[in-house]
Visitor: 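Structure provided below as structure tokens; questions to follow.
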Amino acid sequence: MDLFSEIEEPEREELKRLRKELEEANYKYYVLNMPTLSDREFDEKMHRLQALEAQFPDMFDPKSPTQHVGSDLGKKGFEQVRHKYPMLSLANSYSREEIEDWVRKLPSGVEIVCELKFDGLSISLWYEHGQLVKALTRGDGVQGDDVIANIKTIPSIPWRIERDDIPDFFELRGEVLLPWERFEALNKEREEQEEPLFANPRNAASGTLKLQDPKEVARRGLEAYLYYMLGENLPGKTHYERLTTAKEWGFHISDAIRVCKNVDEVMAYIAYWDTERKNLPVATDGIVLKVNNLAQQEELGYTAKTPRWAIAYKFPAEKQLTLLKEITYQVGRTGVVTPVANLEPVQLSGTIVQRATLHNEDFIKSLDIRPGDRVWVEKGGEIIPKIVGRADRNDEMSATPSLNDGMMYSFPDVCPECGTPLVRVEGEAAWRCPNEAGCPPQIKGKIEHFVSRKAMNIDGLGEETIDLFYQKGLLKNIADIYDLKLEDIAAQERLGEKSALNMLAGIEASKQVPWARVLFALGIRMVGETTAKKIARVYNNIDTLQWATAEQLCAIEDVGPQIAENIVAYFNDMRNLEILERLRQAGLQFEGEAAEGPQSDKLAGMSIVISGTFAHHSRDEYKAMIEANGGKNVGSVSKKTSFILAGENMGPEKRKKAEDLGIPLKTEEEFLEMIQ
């Protein structure tokens, strides 16, 4: 090996490493909705990779991240459709100077349209003869997932345009978003269930749009802003004219769009929205600049990944350096121990931040942070403050040596609340306290969950009252609620006879709460509100559920092995059985309406698989129809499958297996005709 080869070798290895790192980051961002790099970090690594590939042309690879956009393909249950026009990403800039240079390099007299860059999931809507026929995600830029059933739950997206002046085909592109208000409500629900929180509205919108249940998508409340029209024989010769036309046709177009004639107007627009965007109901992370004249767009053309006639300016994430004073630990309802950073107060995005989650032991070790360090706290597009790094400990101004000198961070090995040795479940990052019956936060957390609005809905038993009753020995588990006496309640501080009567009335009313909500209220780990409803439909009383095996439970939609094991473990614990018996004696509804017998035998002896999304009825309604007509619902395709009730977005794996086995497919119209 010659001297030059030896010098180049580390850079060639860096090139390979960057390709692998960026592919992994793309997968986690687009498919898993779990970003590991900030936008700026990603772009910096991408620019470095581009420079290395230019330096070593012999290492060109068409599969390199520099040659294609990230892909959100990979979710099961959605049909993949090729885009009529490639969905490219935009070149990003983090410098106003770069934006000024980009504008000045354009031909003289070019108009520029400035728009807000909404932070959501890209969508392409196809209309044929005024009818919405496809709704595709970006995918890999060449093809995307058709999520039309979920898109139809967004009120601002019209299903049909009733006008005489629209072309036979046109495509509108935009961004699907979860408004801040809905994002906060969704995260509050997930926090109550001790499910992982969405880091930002973009992740929440992306995860929501790929759900298989349109009813749940509708409940979460997505929104959409549209910003580009494509097709043949479209009205208008400029981008702005087409957006104005789309708005007249009934599409949701932002009012913040402006046509700028020079660089000063562009910079004034950026300066205004850098502050004003914080008052918007949805998340934005920058400004998009586009050449207005469509003919000039064509003339400027495209690179392999981006149009030359457009660029995005990304607002810098707000980040501050502050002191990590100490790490404390919270124990949740299911025993998960979460480390919390207690910070020297710092102002971010108009709010004072004093605390930030540290997630788990692995997260702390990955950043190598300890009490006494000065840490970077960020709250850019994120509503939840997060720690993203630490200052150099060698800087005398950046750390308190007495707190971290020679010390390595060590996660506690016993519960900070009850002293029980912690356990770490294989495959999970969290440490957990197993002392469910004796750990105060777990006991109180279970009671708070039990009385919550979506569970038993018992007014008057808030967090403070539950803590008071626990300290006084009146509440040690959820069954004790039904043993509370008027005189015991009225004797407590800040409570009187009137409050006691109201509380007892709420407790009495809770005995009429239906079985599905009672099951949710029990607080079985990972059994959320929707899952409890699905289980209650199959097992219409607690006695049949108690004896169900994990294998039987896994046959229920959305019940996986972990949830099934949690349910079995719950009913194998004698302490839980004793509490359930007391609740039964108190008069709770441990039984739902009995499933009706078959109304006909039209499907008798048939095993039917349901796959895809449907226009006329939900999947659960079709399952009920199958059972009502003597058929059997099965989850997987086999030789015994009679036919597949196939919706619009039938899973490709099931389709292929059906073809291999010769299993017939029936549309929902054919199925409804079968059962009349």
Side-chain angles (χ1 to χ4, degrees), residues 21 25 29 34-48 92-98 119 180 187 197-203 270-271 273-278 283-286 313-330 338-411 429:
E21 188 175 341
Y29 181 88
M34 297 171 58
T36 53
L37 298 175
S38 69
D39 288 351
R40 186 158 194 160
E41 289 171 331
F42 182 90
D43 288 335
E44 287 172 351
K45 290 178 183 291
M46 182 66 77
H47 291 153
R48 174 59 179 163
N92 287 332
S93 172
Y94 298 87
S95 161
R96 296 194 185 189
E97 290 74 23
E98 289 180 5
D119 195 14
W180 284 118
N187 258 355
L197 301 184
F198 288 114
N200 52 49
R202 189 268 168 202
N203 289 7
I270 290 175
W273 284 108
D274 194 4
T275 301
E276 191 60 27
R277 67 192 176 93
K278 296 172 184 177
T284 59
D285 61 351
Y313 168 74
K314 301 293 284 289
F315 293 122
E318 193 170 351
K319 188 165 67 171
Q320 294 285 352
L321 195 64
T322 190
L323 177 70
L324 172 57
K325 296 193 293 186
E326 66 171 334
I327 298 175
T328 55
Y329 303 89
Q330 292 180 340
T338 303
V340 177
N342 293 268
L343 308 166
E344 192 75 38
V346 61
Q347 185 163 353
L348 283 172
S349 298
T351 60
I352 300 297
V353 175
Q354 300 184 70
R355 288 159 60 86
T357 179
L358 291 170
H359 303 290
N360 52 54
E361 180 185 26
D362 294 347
F363 178 83
I364 296 173
K365 287 184 175 179
S366 69
L367 293 180
D368 186 23
I369 55 176
R370 314 166 198 169
D373 285 339
R374 296 191 73 80
V375 294
W376 288 105
V377 186
E378 185 174 290
K379 195 185 177 186
E382 317 272 340
I383 196 168
I384 303 170
K386 66 177 183 179
I387 292 175
V388 295
R390 62 168 174 80
D392 188 348
R393 293 196 184 100
N394 294 326
D395 184 348
E396 292 182 2
M397 298 298 292
S398 297
T400 307
S402 60
L403 288 178
N404 58 40
D405 188 24
M407 293 171 54
M408 291 300 294
Y409 170 78
S410 178
F411 202 87

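Here the structure is a predicted model, which means the values were calculated and not measured.
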Visitor: Does any non-hydrogen side-chain atom of Arg390 lie less than 4.5 Å from one of Leu367?
Guide: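 Answer no - side chains too far apart.
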
Visitor: Might you point out which heavy atoms bring Pro345 and Ile352 nearest each other, and give the distance in Å?
Guide: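 Of all heavy-atom pairs spanning Pro345 and Ile352, the closest is CB-CG2, 3.9 Å.
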
Visitor: So which heavy atom on Leu321 is nearest to which on Ala391, and how close?
Guide: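 Heavy atoms only, the tightest pair is CD1-CB, 4.1 Å.
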
Visitor: How many angstroms lie between atom OH of Tyr313 and atom CG of Asp274, to the nearest 0.5 angstrom?
Guide: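 Atom-to-atom, Tyr313:OH and Asp274:CG are 6.0 Å apart.
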
Visitor: Starting at OG1 of Thr338, measure out to CD of Gln330 and round the result to the nearest 0.5 Å.
Guide: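 Here the rounded value is 6.5 Å.
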
Visitor: Are any side-chain N or O atoms of Asp119 and backbone N or O atoms of Pro201, one a donor and one an acceptor, separated by less than 3.5 Å?
Guide: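 Not at all, since once roles are kept as given, no pair shorter than 3.5 Å links the two residues.
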
Visitor: Please report the interatomic distance CH2(Trp273) to CZ(Phe315), rounded to the nearest 0.5 Å.
Guide: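 Answer rounded to 0.5 Å: 9.0 Å.
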
Visitor: Please list, chain by chain and in numerical order, all residues satisfying side-chain hydrogen bond (donor to acceptor under 3.5 Å, both in side chains) with Gln354, sequence neighbours excluded.
Guide: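 Per chain and number, Gln354 pairs via side-chain hydrogen bond (donor to acceptor under 3.5 Å, both in side chains) with no residue.
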
Visitor: Arg355: what forms a salt bridge (Lys or Arg N to Asp or Glu O under 4.0 Å) with it, not counting sequence neighbours?
Guide: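 Testing Arg355 for salt bridge (Lys or Arg N to Asp or Glu O under 4.0 Å), a comparison that skips the adjacent residues, returns none.
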
Visitor: Please name the pair of heavy atoms, one in Pro371 and one in Lys325, separated by the smallest distance, quoted to 0.1 Å.
Guide: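 Closest approach of Pro371 to Lys325: CB-O, 3.9 Å.
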
Visitor: Are Thr322 and Gln320 close enough that a side-chain donor and a side-chain acceptor fall under 3.5 Å?
Guide: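 Per modelled atom types, Thr322 and Gln320 side chains form no pair under 3.5 Å.
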
Visitor: Going from OG on Ser366 to CD on Glu361, what distance comes out if it is rounded to the nearest 0.5 angstrom?
Guide: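 If we round to the nearest 0.5 Å, Ser366:OG and Glu361:CD are 11.0 Å apart.
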
Visitor: List the steps, then state whether side-chain contact (heavy atoms from CB on, under 4.5 Å) holds for Leu324 with Leu343.
Guide: CA-CA 5 Å; Leu324 172 57; Leu343 308 166; 4.1 Å; yes

Visitor: Output the distance between atom CD1 (Ile387) and atom CD1 (Ile369), rounded to the nearest 0.5 Å.
Guide: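 One finds 4.5 Å between CD1 of Ile387 and CD1 of Ile369.
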
Visitor: How far does CZ of Arg370 sit from CD1 of Ile327, to the nearest 0.5 angstrom?
Guide: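 These two atoms lie 10.5 Å from each other.
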
Visitor: Checking Asp373 side chain against Val375 main chain: does a donor-acceptor pair fall under 3.5 Å?
Guide: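 Not a single qualifying donor-acceptor pair exists.
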
